[in-house]
Number of protein chains: 2
Amino acid sequence: MSEPTGLRARKKERTREAIADAAVSLFLEHGFDRVSVNEIAAAAEISKPTLFRYFPTKEDLVLHRFADHQGEAARVVRGRESGIEPVAALRRHFQAALDRYDPVTGLNDHPQVVAFHRLVFSTPSLAGRLTRYQLEDEEALADALGEGIQAHVQAAQVLAIQRVLARANWQKIADGRTASDVHPEAVADADEAFSELQ
Amino acid sequence: MSEPTGLRARKKERTREAIADAAVSLFLEHGFDRVSVNEIAAAAEISKPTLFRYFPTKEDLVLHRFADHQGEAARVVRGRESGIEPVAALRRHFQAALDRYDPVTGLNDHPQVVAFHRLVFSTPSLAGRLTRYQLEDEEALADALGEGIQAHVQAAQVLAIQRVLARANWQKIADGRTASDVHPEAVADADEAFSELQ
DNA sequence: GTTACTCGGTTAAAAAAGCAACCTGGTAAT
DNA sequence: ATTACCAGGTTGCTTTTTTAACCGAGTAAC
């Protein structure tokens, strides 16, 4: 009643993990631009074409964790219970993410997560590609919200809010505060930001 | 100046090791006949056809360690330094194996090795197949020794001696003695047995 | 201004692995 | 006696991976 987890699928999943882990740890150690895909492939013990079969570009080796959330906003809207407003569903979803300290909210003080965020935001090509992902996310959300310019505006606003909130949280964490310390403010900020939207 | 160890070769070697290790440890735990090749394949996380691509039969999962020594006697003869008699070369080779407690000499008290030997010798189908390997070894050695019935006789005698010596050593180990304790006797036995041959 | 690297990324062919289905022989239920 | 299952192996067929070669862009040497 769950995933049809054959031998092949299991190994693919593990290979993917191994590649991404090798890449991220090398990036964290030496910096994104000072690690070549050849070195990553060697560390993960796979060939270069295999690497690019799993990840379309070097950037995606880092961003796949965001890519896994791709279209999530659209899914939340489409999968909401009847009688619930789209924006309300997105708001509840974000609050839940805050409560479990989901890294996408920026509210997570695990050293690995913090280092990972710093890697992304301090590497231009990564930050650039990330915004491109977010644009695609925005379009998908707009589709889910309906038609017309109105849907696009609403989608842009919601995602903008999430970006700002995440950035604010991550900034406070980067300043040395703990996630649980920041949590109340994060919730208050989210409340304030979202309530202006409905 | 060594093996040109590409990615492919390395992974094949590791897969082979993983299969054999999984098989032997399952055999030691439950007995050769109470473990199916399906269980081995599952434990090694490979498919059944893959298992049989690496090992021709179930028995070879156990005997590949002997198979790795296949033709060794013939190689020793062919690779001997000039001026050295074939039998002398074989004798020195066996003595050296005794001195490093090579499992093939029976003179090894590591629990895993002992358990492995008991597994082989107490499982009829394994013991049977092992003697078939030894026959092939004997033919190869005979070829290396020259032509005629004389070469065959000599080959048979040398390998018979090695079998008897190994069996004697392993018996003493199985009786609870340590390898280093048995070592002097093993050397003396080997000396006596080989010297009657020259 | 060539030459010759190295980088990210691609291509084509060949090897290897997975999967499902099969074969043969034994053994247990019905 | 039939049925049915499980054992050790095998047979295509498809998917995945390796390999080596290549591309186009940048860059350092000379």
Side-chain angles (χ1 to χ4, degrees), chain A residues 3-24 26-27 30-64 67 119 123-130 132, chain B residues 3-24 26-27 30-64 67 119 123-130 132:
Chain A
E3 326 86 35
T5 183
L7 199 47
R8 200 125 71 184
R10 230 159 56 225
K11 289 190 176 180
K12 274 185 83 164
E13 197 46 52
R14 247 184 287 172
T15 301
R16 194 181 162 81
E17 283 295 317
I19 297 173
D21 285 358
V24 169
L26 281 175
F27 289 155
H30 302 116
F32 183 79
D33 297 309
R34 275 193 290 277
V35 178
S36 75
V37 292
N38 272 312
E39 293 170 316
I40 298 166
E45 302 208 274
I46 46 122
S47 67
K48 194 166 63 158
T50 299
L51 186 153
F52 283 107
R53 257 173 33 78
Y54 278 87
F55 298 93
T57 71
K58 188 184 178 186
E59 283 83 20
D60 288 289
L61 287 164
V62 178
L63 300 181
H64 79 284
L119 170 68
T123 306
S125 57
L126 287 177
R129 183 146 185 127
L130 183 55
R132 238 204 50 198
Chain B
E3 323 84 35
T5 184
L7 197 50
R8 192 124 73 189
R10 232 160 55 227
K11 287 190 175 179
K12 274 185 81 167
E13 197 47 50
R14 245 184 289 169
T15 301
R16 195 182 161 80
E17 282 295 317
I19 298 174
D21 284 358
V24 169
L26 281 174
F27 289 154
H30 302 116
F32 184 78
D33 298 308
R34 276 193 288 279
V35 178
S36 75
V37 292
N38 272 313
E39 292 170 316
I40 298 166
E45 302 208 276
I46 47 123
S47 67
K48 193 165 61 156
T50 298
L51 186 152
F52 283 108
R53 239 178 253 120
Y54 279 87
F55 297 93
T57 70
K58 187 185 179 186
E59 283 84 21
D60 289 289
L61 287 164
V62 177
L63 299 181
H64 79 285
L119 171 67
T123 306
S125 58
L126 287 178
R129 183 143 186 130
L130 183 54
R132 238 204 50 199

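Sequence lines set the chain letters: A, B, ... in the order given, protein chains first and strands last, and positions in each chain run from 1. Everything quoted here is computed from the prediction, not taken from an experiment.
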Nucleotide [N], atom [atom2] - distance to [atom1] of [X] in whole Å:
| X | N | atom1 | atom2 | value |
| --- | --- | --- | --- | --- |
| B:Arg8 | D:dT18 | CZ | C1' | 4 Å |
| B:Asn38 | D:dG9 | CG | C1' | 11 Å |
| B:Arg14 | D:dT17 | CZ | P | 15 Å |
| B:Arg34 | D:dC6 | CZ | C1' | 17 Å |
| B:Lys12 | C:dA14 | NZ | P | 17 Å |
| A:Phe32 | C:dC7 | CZ | P | 14 Å |
| B:Leu7 | C:dA17 | CG | P | 12 Å |
| B:Asp33 | D:dA7 | CG | P | 12 Å |

With a 4.5 Å heavy-atom cut-off, do [X] and [Y] have their side chains touching?
| X | Y | answer |
| --- | --- | --- |
| B:Leu61 | B:Leu51 | yes |
| B:Arg129 | B:Val62 | no |
| B:Phe27 | B:Thr123 | no |
| B:Glu45 | B:Thr50 | no |
| B:Glu39 | B:His30 | no |

(request) Compute the angle between the rotation axes at the two ends of the helix from C:dG8-D:dC23 to C:dT30-D:dA1, each taken over five pairs, rounded to 10 degrees. (result)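 Rounded value for the end-axis angle: 30°.
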Closest heavy-atom contact between [X] and [Y]?
| X | Y | value |
| --- | --- | --- |
| A:Ile46 | A:Thr15 | CG2-CG2, 4.2 Å |
| A:Ala20 | A:His64 | CB-CE1, 3.3 Å |
| B:Lys58 | B:Phe32 | NZ-O, 3.0 Å |

(request) Identify which nucleotide among D:dT17, D:dG8, C:dC7 has an atom closest to any side-chain atom of B:Val37, counting heavy atoms from C-beta outward. (result)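 Ranking D:dT17, D:dG8, C:dC7 by closest atom to the B:Val37 side chain puts D:dG8 first.
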(request) Check DNA chain C against residues 41-59 of chain A and give the residues with a non-hydrogen atom under 4.0 Å, in numerical order. (result)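 Contacting residues: A:Lys48, A:Pro49, A:Phe52, A:Thr57, A:Lys58.
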(message) I'd like to know if B:Glu59 and B:Arg132 make a salt bridge, using a cut-off of under 4.0 Å between side-chain N and carboxylate O.
(response)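 Salt bridge between B:Glu59 and B:Arg132, a charged N being under 4.0 Å from a carboxylate O: no.
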(message) Counting only side-chain nitrogens and oxygens, does A:Lys11 get under 4.0 Å of the OP1 or OP2 atom of D:dT16?
(response)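 Indeed not, no polar side-chain atom of A:Lys11 lies that close.
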